[in-house]
Amino acid sequence: MHNNKDLRKNLENIKKKLKDRNFDFDISLFQNLDENNRKLISKKEKLEQEKKLLSKSKDKNNFEKSKEISKEISKISEDQIIAQNKLNKLLHILPNLALEDVPIGKDERSNKLIEQFGTIKKFSFKPKSHVDIGLKNNDIDFETSSKLSGSRFVVLKNKIALLERALINFMLDTHTLEFEYIEVSPPLIVNEDVMFGTGQLPKFEEDQFQIKFENSDQRKFLIPTAEVVLTNLVRNSLIDYNQLPQRYVAATPCFRKEAGSYGKDTKGMIRQHQFQKVELVSIVEPKNCNAELERMLSCAKKILEKLDIPYQIVLLSSGDMGFSAEKTYDIEAWIPSENKFREISSCSSCGTFQARRMGAKYKSQNGNEFVGTLNGSGLAVGRLMIALLENNQNEDGSVTIPNVLKKYMNNLDKI
RNA sequence: GGAGAGGUGGCCGAGUGGUUGAAGGCGCACGCUUGGAAAGCGUGUAAACGGGAAACCGUUUCGAGGGUUCGAAUCCCUCUCUCUCCGCCA
């Protein structure tokens with residue numbers, strides 16, 4: 001969410017920057033709604049002041065007049081709330097603006113390759129996909145999952161289930177012990193305003209799974225990522241500056257409808273309605289957002305380096321970034337069966353965009369200011385498992401367990 | 001699910017109809033004191049929105065929303081959350 005005053009002052013500039021985010025901002029619509037709203041506010045305030053004076057006078061002769069003003073106020077208030085809602089409807093769907101060093105472009109074709117790590121293994125045989133590898137013992141079982149839950153779910157069994165747990169533990173240990181993230185085990189169901197805070201609502205409601213409780217008209221949602229809960233840990237709060245930065249990590253299931261992606265990645269575990277993800281979130285002073293983004297990226301990269309999986313870093317273009325982001329790096333891991341890199345993490349700085357939505361501030365030296373928020377996958381577990389299985393596969397169909405993972409895998413060398 | 005008690009500023013905590021945006025304490029900031037620090041003393045310290053170049057001014061806000069009243073933190077209703085006890089339960 002943007003600052004209203006900034007918006008008013010820099011309309012043309014912001015319109016241009018929103019265009020870079022593929023958002024067509026209607027300036028005159030905004031101005032009409034904004035002016036109408038402000039007109040009603042000042043009208044209301046004048047009446048309120050008048051009424052206040054009358055009641056303070058405690059003069060019985062004024063009481064009738066005061067009653068009349070009350071009626072007028074409630075009528076104008078209704079109009080004002082309607083005007084405010086109309087304005088909010090527009091403001092709430094404006095995406096964040098891209099930082100200066102973000103490449104401008106409509107879509108992923110303008111993304112910028114930053115670096116590559118690791119050497120891509122040359123197989124002496126045709127590498128199998130994770131789906132085929134999982135067919136052994138039926139440990140990645142899509143047949144059963146479709147029976148249970150339909151498409152885009154999976155049942156993992158045996159050593160593959162163990163591998164999932166091992167990867168989660170390995171990542172959590174790395175982030176907590178080496179990088180000072182605080183481990184959190186959060187709720188997976190959250191309130192509507194929490195989803196608003198990080199920007200999933202109102203614009204992306206169709207991607208979310210909604211939960212309805214009995215005897216309540218409140219809507220709740222399954223989290224699409226732990227970013228939602230971890231970032232909102234600081235919602236509606238005022239933090240002392242010496243309590244920053246705060247760094248949180250959580251491994252949670254994530255739930256997504258994946259609306260609009262029908263037909264895409266239908267095979268295998270790449271795109272599921274439910275998947276495990278280890279998520280990193282930082283709450284920082286806004287001036288430190290950039291440094292923290294680099295730090296977060298390096299924490300996520302470290303996981304792939306320890307597992308010796310080749311990856312590349314991509315700086316997303318303005319048009320390819322998520323709604324709340326001001327700058328995003330994707331980490332893409334090498335997938336042998338597809339002969340290409342695929343997204344396994346996305347690390348974003350959101351500046352103060354989410355903090356405004358959440359009402360998250362800190363006491364800085366110059367008064368109370370909104371905090372900066374960042375989030376990144378560290379990493380997506382399902383996709384990491386795919387990368388690991390495929391990159392470490394042997395001709396006989398077995399998969400070699402990397403050294404760092406052995407202690408989490410009951411000391412197995414291979415599966 | 002039953003019974004009770006609560007939700008006040010960054011935090012704790014007074015406050016039961018009229019300058020209460022709100023005592024007191026803690027915290028924080030600045031100053032004095034000190035060789036330096038701590039302690040001590042003094043001063044200051046809510047937010048949102050609107051107007052203004054700014055100083056500043058105005059309105060709102062005591063969990064949320066309604067109601068009573070000329071006037072509500074204070075009275076009434078609904079909702080919500082927290083705590084305690086009982087029941088049930090992984």
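Chain A is the first sequence line, chain B the second, and so forth, proteins listed ahead of strands; every chain is numbered from 1.
Taking the side chain of A:Gln49 as heavy atoms from C-beta on, and the options B:G58, B:G10, B:G52, the nearest nucleotide is B:G58. Of the candidate nucleotides B:G51, B:G27, B:U59, B:U59 has the atom lying nearest to any side-chain atom of A:Glu48.
Near RNA chain B, meaning a heavy atom under 4.0 Å from it, residues 31-44 of chain A has A:Arg38, A:Ile41 in order of number.
Among the protein residues, A:Arg356 comes within range of no part of the nucleic acid, since none of its heavy atoms lies under 4.0 Å from any strand. Using a 4.0 Å heavy-atom cutoff across all strands shown, A:Tyr362 reaches no nucleic acid atom at all.
Remark: B:G9 base-pairs with no nucleotide; criterion is Watson-Crick or G-U wobble with both hydrogen-bond distances under 3.5 Å.
B:U61 and B:U20 have their C1' atoms separated by 13 Å, given to the nearest Å. Comparing the C1' positions of B:U68 and B:C85 gives an interatomic distance of 35 Å, to the nearest angstrom. Using C1' as the reference atom, B:G65 and B:G52 are 34 Å apart when rounded to the nearest Å. When the P atom is compared between B:C62 and B:C56, the two are found 26 Å apart, to the nearest whole Å. Remark: the separation of the C1' atoms in B:U82 and B:G63 is 10 Å, to the nearest Å. As rounded to the nearest Å, B:G15 and B:C30 have C1' atoms that lie 31 Å from one another. Of the P atoms belonging to B:A3 and B:A90, the separation is 25 Å, rounded to the nearest Å. For the C1' atoms, the distance from B:C26 to B:U45 is 13 Å, rounded to whole Å.
A residue-by-residue look at A:Lys363 and A:Lys52 shows that A:Lys363 has its nearest nucleotide of RNA chain B further toward the 5' end. Nearest-nucleotide assignment on RNA chain B puts the 5′-proximal partner with A:Lys5, out of A:Ile81 and A:Lys5.
Heavy atoms of other residues, nucleotides or ligands lying less than 6.0 angstrom from NZ of A:Lys16 number 12 at most. Other residues, nucleotides and ligands contribute over 12 non-hydrogen atoms within 6.0 Å of the CZ atom of A:Arg235.
Ring-plane geometry between A:Phe255 and A:Phe209 is classed as perpendicular, the angle between the planes exceeding 60 degrees on a 0 to 90 degree scale with a lower cut at 30.
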Check nucleotides 68-73 of chain B against the protein and report each pair of N or O atoms closer than 3.5 Å, with its distance, or say if there are none.
from, atom 1, to, atom 2, distance (Å)
B:C70, O2', A:Ser66, OG, 2.6

Taking it one step at a time, do A:Arg357 and A:Asp193 satisfy salt bridge (charged side-chain N to carboxylate O under 4.0 Å, His left out)? CA-CA 9 Å; A:Arg357 297 179 150 245; A:Asp193 51 354; over 6 Å; no

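At a cut-off of 3.5 angstrom, the base of B:G58 holds at least one donor-acceptor pair with the side chain of A:Glu45.
Put simply, A:Arg8 has no side-chain N or O that comes within less than 4.0 Å of OP1 or OP2 on B:G52. In terms of phosphate contacts, A:Tyr241 brings no side-chain nitrogen or oxygen within less than 4.0 Å of OP1 or OP2 of B:G27. Between A:Asn368 and the phosphate of B:A47, there is a side-chain N or O to OP1/OP2 separation shorter than 4.0 Å.
Note on A:Glu78 versus A:Lys44: no salt bridge recorded, every NZ/NE/NH1/NH2 to OD/OE distance being 4.0 Å or above.
Side chain to side chain, A:Lys220 and A:Asn191 meet the donor-acceptor criterion of an N or O pair below 3.5 Å. Between the side chains of A:Ser28 and A:Asp26, at least one donor N or O sits under 3.5 Å from an acceptor N or O.
For the pair A:Phe323 and A:His92, the tightest heavy-atom approach, listed with the atom from each and the gap, is CZ-O, 3.5 Å. The two atoms that bring A:Cys289 and A:Ser349 nearest to each other are CB-OG, 3.5 Å, heavy atoms only.
The distance from atom NE2 of A:His2 to atom C1' of B:C49 is 19 Å, rounded to the nearest whole Å.
By the ring pair (Phe, Tyr, Trp, His ring centres under 6.0 Å) test, A:Tyr311 is found to be paired with A:Phe117, residues two or more places apart in sequence or in another chain being considered.
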